[in-house]
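Read through the structure below, which is laid out as structure tokens, and then see the notes.
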Amino acid sequence: ARCGAGGGGGGSPGPSPLTGSPPQALVDDTEDVSLDFGSEEELALRKAKIRHPLATFFHLFFRVSAIITYLFCDWFSNSFVACFVTILLLLSFDFWSVKNVTGRLLVGLRWWNQIDEDGKSHWVFEAKRVPTVAASTEAEARIFWLGLIICPVIWTMFFFSTLFSLKLKWLALVIAGISLQTANLYGYIHCKVGGQKSISRVTSRFFVTADVPKRQARRISGGHIEVHGKTGTR
């Protein structure tokens, strides 16, 4: 009897293996934990320096090759026609790849010209506003804009050097290089600036439309005050 009383008078009995509830510590340890595997993958993609290596390579390959060929063309061939055609092809490939491929992949910008049913020409400038998983990185954007700006400057220097050295046979090629690369530069600057202006216009329109009901309410309230004032004087 004493043993039974002693056992009953001890510490609080533990939970029954059949009907008792689990301890509070176990409840806290078994709480649900949300695991987001997609965010880890997206974070790894953001840390990647070059996400489109092929597009980045060809963004610089054609324009740098055209400059190098222009500088050292006499070392490879004595034919002016062969050098002229080679450099012009490189400039054409560069214009097409930058306009249609690398700008869209590296910075999310695109521009082109379309003709409507009436035969009128329209320039279209687009900028991607919604970031995606496959969006470009800062390193790619920096490479894109540096290559887009520096190369036309180099061709402009070639223009003055050709003009002052009286090598007029290269003048047409240098003007073609300036024209093609400046056209891409102008188009993408217009895409960048135009996208920011369109966003500001949408924001200003939103505030204007939000302010219209307030103005109408003020005009209506002012009209009521004027009517009451007139009836009061009568």
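Just so you know, these numbers come straight off a predicted model, no measurement behind them. This chain uses plain numbering: 1 for the first residue, then up along the sequence.
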Locate the shortest heavy-atom distance separating A55 from L105; write the atom from each residue and the value. CB-CD1, 3.9 Å
With heavy-atom distances below 4.5 Å as the criterion, would you say the side chains of F62 and L91 are in contact? no
Does any non-hydrogen side-chain atom of K99 lie less than 4.5 Å from one of W112? yes
Shared ILVMFWY cluster between Y186 and L106, side chains joined below 4.5 angstrom? no
Taking all non-hydrogen atoms of both residues into account, name the closest pair between P152 and G147 and its distance. CD-O, 4.3 Å
Rounded to the nearest 0.5 angstrom, the CD1-CD distance for I154 and Q181 is 8.5 Å
Determine the minimum heavy-atom distance between G103 and F144, stating which atoms define it. CA-CE1, 3.6 Å
Do V153 and L60 sit in the same hydrophobic cluster, where Ile, Leu, Val, Met, Phe, Trp and Tyr count as joined when their side-chain heavy atoms come under 4.5 Å apart? no
What class does the angle between the rings of F61 and F58 fall in, given that below 30° is parallel, 30 to 60° is tilted and above 60° is perpendicular? perpendicular
Let's go through F159 and L171 carefully: what are the C-alpha distance in whole Å and the side-chain angles of both, what is the deciding distance for side chain to side chain contact (heavy atoms under 4.5 Å, CB included) to 0.1 Å, and is it a yes or a no? CA-CA 7 Å; F159 172 79; L171 194 60; 3.6 Å; yes
Donor-acceptor pair, H59 side chain versus T102 backbone, under 3.5 Å? no
Side chain to side chain contact (heavy atoms under 4.5 Å, CB included) assessment of L168 paired with T162: CA-CA 7 Å; L168 301 181; T162 303; 5.8 Å; no
Y70: which residues meet the ring-ring contact (aromatic ring centres under 6.0 Å, His included) condition with it, sequence neighbours left out? W155, F158, W170
Run the numbers on H122 and D116 for side chain to side chain donor-acceptor pair (under 3.5 Å), then give the verdict. CA-CA 8 Å; H122 299 280; D116 57 8; 2.9 Å; yes
Ignoring hydrogens, what is the shortest heavy-atom contact between I143 and I50? Give both atom names and the distance. CD1-CD1, 4.0 Å
Is the gap between the ring centers of Y188 and F125 under 6.0 Å? no
Check: E140 side chain, R51 main-chain N or O, donor-acceptor pair, under 3.5 Å: yes
Atom pair CZ (F160) and CG (L163), whose distance is rounded to the nearest 0.5 Å: 8.0 Å
Please step through side chain to side chain contact (heavy atoms under 4.5 Å, CB included) for the pair V124 and N113, ending with a clear verdict. CA-CA 6 Å; V124 182; N113 180 271; over 6 Å; no
Gap between atom OG1 of T182 and atom CZ of F95 - 0.5 Å precision: 11.0 Å
So how far is it from C191 SG to W123 CH2, rounded to the nearest 0.5 Å? 11.0 Å
By ring-ring contact (aromatic ring centres under 6.0 Å, His included), which residues pair with F72, not counting sequence neighbours? W75
Taking ring-ring contact (aromatic ring centres under 6.0 Å, His included) as the test, write out the residues that go with W96, two or more places apart. none
Same cluster (ILVMFWY, side-chain, under 4.5 Å), I68 and L180: yes
If you count the non-hydrogen atoms of other residues, nucleotides and ligands that lie under 6.0 Å from CZ in F80, is the total more than 12? yes
Can you list the steps and then say if I189 with L185 is a side chain to side chain contact (heavy atoms under 4.5 Å, CB included)? CA-CA 6 Å; I189 289 177; L185 178 61; 3.7 Å; yes
Just verifying a value: how many Å separate D94 CG and L89 CG, rounded to the nearest 0.5 Å? 12.5 Å
Quick check on the hydrophobic clustering: are I67 and I175 connected, directly or via other members, by side-chain heavy-atom contacts under 4.5 Å? yes
Between N100 and R104, the two heavy atoms sitting closest are O-NE, 3.7 Å
Considering non-hydrogen atoms only, spot the tightest contact between L88 and A176 and give its length. CD1-CB, 4.2 Å
Is there a continuous path of hydrophobic side-chain contacts, each under 4.5 Å between heavy atoms, that joins L146 to V64? yes
Within the structure provided, determine whether T69 and F76 are in side-chain contact (heavy-atom separation under 4.5 Å). no
For the CG atom of L109 and the NE2 atom of H190, what is their distance to the nearest 0.5 Å? 12.5 Å
Is it the case that the side chain of R63 and the backbone of C151 share a donor-acceptor pair, with hydrogens and angles ignored and the cut-off at 3.5 Å? no
